[in-house]
Amino acid sequence: MKKNFNLNYLIRENIKSIKPYSSARDEYKDITEGMVFIDANENPFNTNVNRYPDPQQTNVKARLSELKGISSNQILLGNGSDEVLDLIFRVFCEPKKDNIITLPPTYGMYDVLANLNAVENIEIELESDFQPNTDEILRAAHTHTKLLFLCSPNNPTANSFDAIKIEELINEFQGIVVIDEAYIDFSTKESWLSRLDEFPNLIITQTLSKAYGLAGIRLGICYASKDIISILNKIKPPYNINQLTQAKALDRLNDIDSVHNEVKSIIYEREKLSKALTSITFVQNVFPSDANFILAKVDDANQRYQQLIEKGIVVRNRTNQPLCENCLRFSVGTKEENEKLIQTLIQLS
Ligand SMILES: *Cc1c(COP(=O)(O)O)cnc(C)c1O
């Protein structure tokens with residue numbers, strides 16, 4: 001349990017006093033038969049999308065709430081995790097004054113968003129076993145350090161961070177800890193969602209882009225205390241989740257067995273692919289994965305990347321990331337795609 005935490009102390013002054021845009025659909029959103037809606041300057045002729053979408057995404061949140069055991073007022077949805085993360089920056093980080101901590105090699109968007117918001121990004125490299133260096137992180141943090149991003153399972157290293165280290169960071173760090181769980185469904189480790197209520201300074205982000213197979217609809221999810229969610233809600237664009245996305249997300253969340261089956265088969269394929277990669281002569285190291293991708297060290301990443309492109313296979317070259325010299329990242333594809341990758345690698349060796 002986190003003690004002595006004062007959220008107000010971390011929020012930017014202009015955000016505290018902001019008045020949210022009041023949308024027509026906020027005031028009266030139940031579009032029931034027989035009512036006349038002439039409040040939002042919409043076109044009255046039915047196209048199935050002629051009305052503004054529900055600004056609070058009530059149905060999607062209700063279903064998520066049921067699936068995850070988190071109440072709806074502790075959930076915020078964004079146009080991808082990218083929007084969720086940007087909103088978090090805007091609530092807590094004063095441009096040119098505050099800073100954040102990230103742990104490279106990690107997801108590139110944290111640094112992009114820091115730059116976009118004119119916020120300094122203090123980078124504390126992971127240790128050689130891809131675990132956070134807790135002492136250095138806590139030493140680097142000071143009064144203007146508002147956010148600490150922990151990506152677990154981490155992209156591109158594919159490992160989960162040690163739960164004891166994460167807990168220490170949540171307890172000791174004086175700002176907000178954001179745990180990015182984009183890949184949690186592929187991991188055997190438990191989500192931090194089950195402990196959300198212990199930590200008023202914890203934000204957990206997830207997404208429908210990976211395990212749920214809906215990268216194209218852009219739906220990111222943020223879980224936090226109701227106080228944090230209510231501030232994020234205040235500054236989000238009113239109609240940030242369009243109606244088609246809400247409908248598609250709800251369909252998928254109602255068909256959760258299919259999601260679980262796909263995840264199971266991706267994990268099965270991941271283990272097969274890991275093993276097969278190990279047997280390739282020029283593959284020097286295959287890192288264990290808690291995600292739907294595998295990081296592997298090869299003899300010459302630039303050369304192998306180019307050779308694969310010529311064979312029609314696009315992988316991610318991470319050789320320029322810290323600790324990732326000569327590393328390629330392979331997303332787990334279908335059985336056939338993975339077999340094609342392995343056959344091609346055998347040909348090249
Ligand atoms: C893919 C990924 C996301 C997903 O971002 P969306 O905007 O929701 O598609 C978030 N975090 C990490 C670390 C990722 O790799």
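First listed ligand is number 1; within each ligand, the first listed atom is number 1. Excluded from the calculations below are hydrogen atoms, water molecules and symmetry mates; all remaining heavy atoms, backbone and side chain alike, are included.
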Is it the case that [X] and [Y] place a side-chain donor and acceptor less than 3.5 Å from each other?
{"X": "N261", "Y": "S258", "result": "no"}
{"X": "H144", "Y": "D98", "result": "yes"}
{"X": "T157", "Y": "N159", "result": "yes"}
{"X": "R304", "Y": "N317", "result": "no"}
{"X": "N233", "Y": "S230", "result": "no"}

What atoms of ligand 1 come closer than 4.0 angstrom to any heavy atom of [X]?
{"X": "Y107", "answer": "2 (C), 3 (C), 5 (O), 10 (C), 11 (N), 12 (C), 13 (C), 14 (C), 15 (O)"}
{"X": "C151", "answer": "13 (C)"}
{"X": "S209", "answer": "6 (P), 8 (O), 9 (O)"}
{"X": "D82", "answer": "7 (O)"}
{"X": "G80", "answer": "7 (O), 8 (O)"}
{"X": "N155", "answer": "15 (O)"}
{"X": "A182", "answer": "2 (C), 3 (C), 10 (C), 11 (N), 12 (C), 14 (C)"}

Closest approach of any protein heavy atom to [atom], naming residue and atom:
{"atom": "atom 7 (O) of ligand 1", "value": "R218 NH2, 2.5 Å"}
{"atom": "atom 11 (N) of ligand 1", "value": "D180 OD2, 2.7 Å"}
{"atom": "atom 1 (C) of ligand 1", "value": "K210 NZ, 1.2 Å"}
{"atom": "atom 15 (O) of ligand 1", "value": "Y183 OH, 2.6 Å"}

Worksheet item: Near E190 CD, under 6.0 Å, is it more than 12 heavy atoms from other residues, nucleotides or ligands?
Response: no

Worksheet item: Is the centre of the F186 ring less than 6.0 Å from the centre of the F293 ring?
Response: no

Discussion item. Does the structure place the NZ or CZ of R252 under 6.0 Å from the centre of the six-membered ring of Y212, at an angle of no more than 45° from the ring's axis?
Written reply: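 Verdict for Y212: no cation-pi partner in R252.
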
Item to complete: Verify salt bridge (charged side-chain N to carboxylate O under 4.0 Å, His left out) between E168 and K165, making sure each step is shown before the conclusion.
Response: CA-CA 5 Å; E168 182 188 350; K165 291 186 192 230; over 6 Å; no

Discussion item. Any heavy atom of A215 closer to ligand 1 than 4.0 angstrom?
Written reply: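 Checking ligand 1 against A215, which is what was asked, there is no heavy-atom contact under 4.0 Å.
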
Discussion item. So for M109, does at least one of its heavy atoms come nearer than 4.0 angstrom to any atom of ligand 1?
Written reply: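 Contact check M109 vs ligand 1: negative.
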
